[in-house]
K.L.:
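Before we start, here is the structure in question, set down as structure tokens.
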Amino acid sequence: MKEGKETALGEWLLESVSEMHVTEMKPVQRWMQDLRMMTESECMCILQAKPIRSSTSDLAKITVNTKENIYALRKRAKAMSADFAKLYYQLESSQWQDTHLLSLELSIQIRTLLRDCNMFIPNMPLYLFQQQQIVIDECTKLVKQAESFDVKNGSVPPTDSIIDILRELGRTFTHMVNMVQATLIKALVRSIEQAASEYNIKTAVNAVYTLSQDGNEFCRLIAQEGGIQALLQVCRQAALNFVKPIALRTVANLCNTAEGRQELEKASGVEYLSEILSSPTSPESVKAEAASVIAHITSPNIDNYHHLLGFIEHMEDLLRELTGVCEKASNSNIFLVGTSAIANITFMDTMACECLATYNTARVLITGCHANKADTMYCKDQVATILANMAVVEQCRKQILQSHGIALLVSFLYVRPPSLNSPVKVDGNKNRSKRKNGYHSNKENSEHIAVACERVQQKAAIALARLIRDQESAIAIMELQGIPRLVELCNKRWERNDSEPVLVACLAALRKLHSILGQSAFEPADLQDLIKPRLIDSFLLCSATKESFV
């Protein structure tokens, strides 16, 4: 038997050697040919256990699909909400004829959506399956109740029970949709954290940014699922400057909600922003977006306005860097976000203006305005706000005067709102040919500019009133024709767009000037109407208000 085996082995070896054609085939080719006939169990086990890594394009495609699924889910949920409302209206108005049909259709749509949600989330967590089962049970109850909802002995059964079931179904369905959306958004946030290539990071951040532009509902979900923390981690990586502007823009959008600001606070966001602004490697575009985030979180118009954790500790550094952003701003947009952030901070703490005095912020802003960086009404509004708040501090007041700030503020008094209701003679055919949408858009834009113009006039007058503490400053305003303009704003309502706050500020500035310059600087009629009477009487004389405050 042994000899037989050796004989058989020998024959196999001879055949193998004869087939090798060593002199005719290259070694690598022969090795690849042999691999087809041989396996090594250990190597095969290792290969089978090793996961196959998705390519960069596959991961990006998954991210894009997740975003599209979120939009598809919201669209279908909104359409089904209309079906809920239709069925509810028919039950409330006793239109019970189609109750069974509508209930059945609604149940089918919900079940179809649940099936699609299982496709959206391949590895669906247990809590979502449980919520889906609750929704399915409520659908079953609704259909069964609707089947028995018919005329019996000429009377219609009471609708209270089916309405209660419909309400409970609507509640559980809405909760389920929110849970699915949160799960999908969590997957998007995780894709930012786990992205291994620049392309995947950019795709994931862009997807989250797109969602953040579509309302506070998505912003709240993104913030709650860790979006702020993930985006800030991206911003801390020096090699990712290409995606930092869009990441910070997303953070600014998320901070429009209370949940976003809370998450920023938990993630030490103020410290991160201070680091970005002070980093010498941060490009101007990144610093501008960081300034925009600061402007968002410090806006006095937001809900639940309060000092974020760590803000006071970093306020001085923030003001120093924001002043630098304004000084080096290459365009008016960057100058605007820098001044907006500074203006908001000056409302937050009384120490802010003293810090601004240390960094010569008044000189930077006035120089920037002379360089035409404040070329919009909104930017002028921010500068006037900062100067008005700084004028309270003596050191800041001196800097404003030394930097020729009075001339700038007087020029702000001369800004005029666009004419919203002035009659314009136009050809009838041309007028009829105007596009309706464009007309309303232009009118709305003009109204916004008019409101900004009122704020510029008001704050310029306030700043001037605060700067007037001696003869020199009062004479400077008089020589720059500030008094005639203040009088004009009081007497001519259209010049201030009928704004009463502007009127009050101008009256206060004129009375302050009169207290220093005396009667010789004013016309007799102006003294009679604007200076000598009580402030309330002058206000009622110049105002469009008709009621008496006596």
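For the single chain, residues carry numbers from 1 onward in sequence order.
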K.L.:
Quick one: does any side-chain atom of R466 pair with a main-chain N or O of A388 as donor and acceptor, under 3.5 Å?
P.N.:
yes
K.L.:
Side chains of Q213 and Y209: donor-acceptor distance under 3.5 Å anywhere?
P.N.:
yes
K.L.:
Taking atom NZ of K512 as the centre, report whether more than 12 heavy atoms of other residues, nucleotides or ligands fall under 6.0 Å from it.
P.N.:
yes
K.L.:
Please answer whether the main-chain N or O of A374 pairs with a side-chain N or O of K380 as donor and acceptor at a distance below 3.5 Å.
P.N.:
yes
K.L.:
Can you confirm whether more than 12 heavy atoms, excluding those of E313, are under 6.0 Å from its CD atom?
P.N.:
yes
K.L.:
Determine yes or no for a side-chain-to-main-chain donor-acceptor pair under 3.5 angstrom, with T257 supplying the side chain and L254 the backbone.
P.N.:
yes
K.L.:
As a quick check of understanding, evaluate salt bridge (Lys or Arg N to Asp or Glu O under 4.0 Å) for K287 and E284, giving each step before the final call.
P.N.:
CA-CA 5 Å; K287 290 187 176 183; E284 184 183 43; over 6 Å; no
K.L.:
Quick one: do K266 and E263 make a salt bridge, cutoff under 4.0 Å?
P.N.:
yes
K.L.:
Is a side-chain N or O of N206 found less than 3.5 angstrom from the main chain of K202, in a donor-acceptor match?
P.N.:
yes
K.L.:
Under 3.5 Å, is there a donor-acceptor pair between the side chain of S403 and the main chain of I400?
P.N.:
no
K.L.:
For H514 and L527, run side chain to side chain contact (heavy atoms under 4.5 Å, CB included): C-alpha distance rounded to whole Å, both residues' side-chain angles, the deciding distance at 0.1 Å, then the answer.
P.N.:
CA-CA 9 Å; H514 175 262; L527 287 170; 3.7 Å; yes
K.L.:
So does R236 pair up with E275, basic N to acidic O under 4.0 Å?
P.N.:
yes
K.L.:
Has S274 got a side-chain atom pairing as donor or acceptor with L318's backbone, closer than 3.5 angstrom?
P.N.:
no
K.L.:
Would you indicate whether the side-chain heavy atoms of L232 and L264 approach each other to under 4.5 Å?
P.N.:
yes
K.L.:
Check whether more than 12 heavy atoms from other residues, nucleotides or ligands sit under 6.0 Å from atom CD of E193, and answer yes or no.
P.N.:
yes
K.L.:
Starting from the C-alpha separation in whole Å, work towards a yes-or-no answer on side chain to side chain contact (heavy atoms under 4.5 Å, CB included) for L513 and L486.
P.N.:
CA-CA 11 Å; L513 285 165; L486 289 169; 3.9 Å; yes
K.L.:
Please answer whether the main-chain N or O of E354 pairs with a side-chain N or O of T358 as donor and acceptor at a distance below 3.5 Å.
P.N.:
yes
K.L.:
Side chain to side chain contact (heavy atoms under 4.5 Å, CB included) for L277 and S282? Distances and angles first, verdict last.
P.N.:
CA-CA 7 Å; L277 285 170; S282 295; over 6 Å; no
K.L.:
Got a second to check how far K186's NZ is from Q224's CD, nearest 0.5 Å?
P.N.:
12.0 Å
K.L.:
Rounded to the nearest 0.5 Å, what's the gap from CG on L530 to CG on D537? Could you check?
P.N.:
12.0 Å
K.L.:
For the pair R496 (side chain) and S499 (backbone), establish whether a donor and an acceptor sit closer than 3.5 Å, ignoring hydrogens and angles.
P.N.:
yes
K.L.:
Does E454 use its side chain to pair, donor to acceptor, with the backbone of V502 at less than 3.5 Å?
P.N.:
no
K.L.:
Does the side chain of S473 come under 3.5 Å of the side chain of D470 through a donor N or O and an acceptor N or O?
P.N.:
yes
K.L.:
Rounded at 0.5 Å granularity, tell me how far CD1 in I312 sits from CE in M351.
P.N.:
9.5 Å
K.L.:
If you compare all heavy atoms of V189 against all heavy atoms of G226, which two are closest, and at what distance to 0.1 Å?
P.N.:
CG1-O, 3.6 Å
K.L.:
How far apart are the C-alpha atoms of K459 and V383, what are their side-chain angles, what is the distance that settles it, and do they pass the side chain to side chain contact (heavy atoms under 4.5 Å, CB included) test?
P.N.:
CA-CA 9 Å; K459 292 168 185 176; V383 174; over 6 Å; no
K.L.:
With a 3.5 Å cut-off and no angle check, do the side chains of Q399 and N360 form a donor-acceptor pair?
P.N.:
yes
K.L.:
Quick one: does S411's side chain have a donor or acceptor within less than 3.5 Å of a partner on L408's backbone?
P.N.:
yes
K.L.:
Rounded to the nearest 0.5 Å, what's the gap from CD on E488 to OH on Y414? Could you check?
P.N.:
7.0 Å
K.L.:
Under 3.5 Å, is there a donor-acceptor pair between the T250 and S212 side chains?
P.N.:
no
K.L.:
Does R469 pair with E394 as a salt bridge, N-O distance under 4.0 Å?
P.N.:
yes
K.L.:
Nearest 0.5 Å, please: how far is SG in C235 from CG in L231?
P.N.:
6.5 Å
K.L.:
Which pair of non-hydrogen atoms, one from L507 and one from C490, has the smallest distance, and what is that distance?
P.N.:
CD2-SG, 3.9 Å
K.L.:
Nearest heavy-atom pair of A252 and H296: which atoms, and what distance?
P.N.:
O-CD2, 3.4 Å
K.L.:
Can you tell me how far the CZ atom of R261 sits from the OG1 atom of T298, to the nearest 0.5 Å?
P.N.:
10.5 Å
